[in-house]
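Report on the following structure.
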Amino acid sequence: MPELPEVEVVRAGLAPAVVGARVSAIDVLDERALTRHPRGSADFVARLEGRAITAAARRGKFLWLPLDGDADALVAHLGMSGQLLLRSPDAPAERHERIRLHIEHPQHGRLAVVFADQRTFGSLAVDVLLSAPDGAAGGRGTAKALVPSQVAHIARDALDPAFDEAGFVVAVRRRASGIKRILLDQTLVSGIGNIYADESLWAARIHPETEGRSLSTRALRRLLHEVRLVLEKALAEGGTSFDAQYVNVNGQTGYFAHSLNAYGRTGQPCPRCGEPIARVAFMNRSSHLCPVCQRRR
DNA sequence: GGAATAACCTGGATGC
DNA sequence: TGCATCCAGGTTATTC
């Protein structure tokens, strides 16, 4: 389940191989991988073929590769199970391979960028670039204040130097929703999914159903601090892999699953107090929490 | 505008 | 062994 750390690992892995490369050909094997490109595969190919990639950028869980001219970019969202893999040009098809980009790099020669996705929630698109309203760099990996139109409504992530922390605190304190639901709202803070929401709330000792408006400014700043610590640690460990659903561009898994304190540890002792971690239903999925450390107010 | 929910999708795990 | 069901969850559209 790619969240911010996993997508950042992919971005950082792709960058040296794709920045400066030119797209020589595109194989679209499954149209469902272009749900974000409503004009279809022929238009996708026409807009991408022959173009040079100038950067590898990311905001939250969205990844984009700006194209020559700074007017548009190849946008990728990995969804639940998407992978972007670097392969040799004649490598056999991956299981669940949806799209293959053939690129030529001045130093590295010919390469294939493979988009594989088991559950087909992820997709690619060629999208126009818009000016970032705050004038700051659009995301990590680019110095230009440009962002794809499909990413424009997404807030900056907590690791972004231009993240509006004060604005986030004000917005949260207006909301009656539970704080976990708020953390998952990508228009307030991006990059957080179910795993890192549970981990951050455990670290901050906050119950996931605590209403946003009931949290103090101090508590919210402490929560953001814990969010950043969790994301940075996960990033340093290569992301979270429970199975082959998430891998880096070389097909390798991350190690952060060994560092989880709450998520996926139902019934196991809380690392802080020893109470068994509880799992509760949340929005057709699950929350994991310590019933002692994270008491509901 | 905020809040809640359904739908999309595949494959592994589980139960019978 | 085979079949049915559940579960994982990010985003978007829809409804209230």
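Labels below follow one simple rule: chain letters A, B, ... track the order of the sequence lines, proteins then strands, and each chain is numbered from 1.
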What is the bend of the helix from B:dG2-C:dC16 to B:dC16-C:dG2 when you compare the axis at one end with the axis at the other, using five pairs each and rounding to 10°?
-> 50°
Atom pairs under 3.5 Å, N or O on each side, protein against nucleotides 10-12 of chain C: can you list them with distances?
unit_1 : atom_1 : unit_2   : atom_2 : d
C:dG10 : OP2    : A:Asn194 : N      : 3.2
C:dG10 : O3'    : A:His77  : NE2    : 3.3
C:dG10 : N7     : A:Arg285 : NH1    : 3.3
C:dG10 : N7     : A:Arg285 : NH2    : 3.0
C:dT11 : OP1    : A:His77  : NE2    : 2.5
C:dT11 : OP2    : A:Lys61  : NZ     : 3.3
C:dT11 : O3'    : A:Arg36  : NH2    : 3.2
C:dT12 : OP1    : A:Arg36  : NH1    : 3.1
C:dT12 : OP2    : A:His153 : NE2    : 3.4

Who passes side-chain contact (heavy atoms from CB on, under 4.5 Å) against A:Arg47, sequence neighbours left out?
-> A:His37, A:Arg39, A:Asp43, A:Val126
Could you tell me from which nucleotide to which nucleotide of DNA chain B, 5' to 3', there is an atom under 4.0 Å from chain A heavy atoms?
-> B:dA3 to B:dG12
5' priority, DNA chain B, between A:Arg181 and A:Arg32 [closest heavy atom] | A:Arg181
Residues two or more places apart in sequence or in another chain: which of them pass ring-ring contact (aromatic ring centres under 6.0 Å, His included) with A:Phe168?
-> A:Phe163
Taken in chain and number order and not counting sequence neighbours, the residues that satisfy ring-ring contact (aromatic ring centres under 6.0 Å, His included) with A:His108 are A:His105
Taken in chain and number order and not counting sequence neighbours, the residues that satisfy side-chain contact (heavy atoms from CB on, under 4.5 Å) with A:Pro291 are A:Glu275, A:Ala278
Do any N or O atoms from the side chain of A:Arg272 and from the backbone of A:Trp202 form a donor-acceptor pair under 3.5 angstrom?
-> yes
Residues from residues 167-176 of chain A lying under 4.0 Å of DNA chain B - heavy atoms | A:Arg175, A:Ala176
Quick one: CG on A:Leu223 to OG on A:Ser200, what's the gap to the nearest 0.5 Å?
-> 6.5 Å
With a non-hydrogen cut-off below 4.0 angstrom, is A:Ser286 in contact with a base, only sugar-phosphate, or nothing?
-> sugar-phosphate
Could you list all N or O pairs between the protein and nucleotides 13-16 of chain C that sit under 3.5 Å apart?
none

Side-chain donor-acceptor pair under 3.5 Å between A:Glu211 and A:Ser177, yes or no?
-> no
What pairs with A:Asp117 under salt bridge (Lys or Arg N to Asp or Glu O under 4.0 Å), at least two apart in sequence or on another chain?
-> none
Out of curiosity, A:Leu235 CG to A:Leu231 CG, how far, rounded to the nearest 0.5 Å?
-> 8.5 Å
Decide, yes or no, whether a salt bridge links A:Arg228 with A:Glu165 under the criterion of side-chain N to carboxylate O below 4.0 Å.
-> yes
Looking only at atom types and distance, does a side-chain atom of A:Arg11 sit under 3.5 Å from a main-chain N or O of A:Val7, one as donor and one as acceptor?
-> no
Main-chain N/O of A:Ile206 paired with A:Thr210 side-chain donor or acceptor, under 3.5 Å = no
Which value, rounded to the nearest 0.5 Å, describes the distance between A:Leu184 atom CG and A:Ser190 atom OG?
-> 12.0 Å
Show me the donor-acceptor pairs within less than 3.5 Å that the side chains of residues 52-64 of chain A make with the rest of the protein, sequence neighbours left out.
unit_1  : atom_1 : unit_2   : atom_2 : d
A:Thr54 : OG1    : A:Pro66  : O      : 3.1
A:Arg58 : NE     : A:Glu8   : OE1    : 2.7
A:Arg58 : NH1    : A:Gly60  : O      : 3.1
A:Arg58 : NH1    : A:Asp157 : OD2    : 3.1
A:Arg58 : NH2    : A:Glu8   : OE1    : 3.4
A:Arg59 : NE     : A:Gly138 : O      : 3.0
A:Arg59 : NH1    : A:Ile154 : O      : 2.9
A:Arg59 : NH2    : A:Gly138 : O      : 3.0
A:Lys61 : NZ     : A:Ile192 : O      : 3.1

Hey, does A:Arg213 reach any base, or is it just sugar-phosphate, or nothing, if we go heavy atoms under 4.0 Å?
-> nothing
Calculate the interatomic distance between A:Phe282 atom CZ and C:dA8 atom P; express it in whole Å.
-> 13 Å
Tabulate below the donor-acceptor pairs under 3.5 Å that side-chain atoms of residues 24-34 of chain A make, not counting sequence neighbours, or state none.
unit_1  : atom_1 : unit_2   : atom_2 : d
A:Ser24 : OG     : A:His102 : O      : 3.0
A:Asp27 : OD2    : A:His102 : NE2    : 2.8
A:Asp30 : OD1    : A:Arg32  : N      : 2.9
A:Asp30 : OD1    : A:Arg32  : NE     : 3.3
A:Asp30 : OD2    : A:Arg32  : NE     : 3.3
A:Asp30 : OD2    : A:Arg32  : NH2    : 2.9
A:Asp30 : OD2    : A:Arg98  : NH1    : 2.9
A:Glu31 : OE2    : A:Ser41  : OG     : 2.5

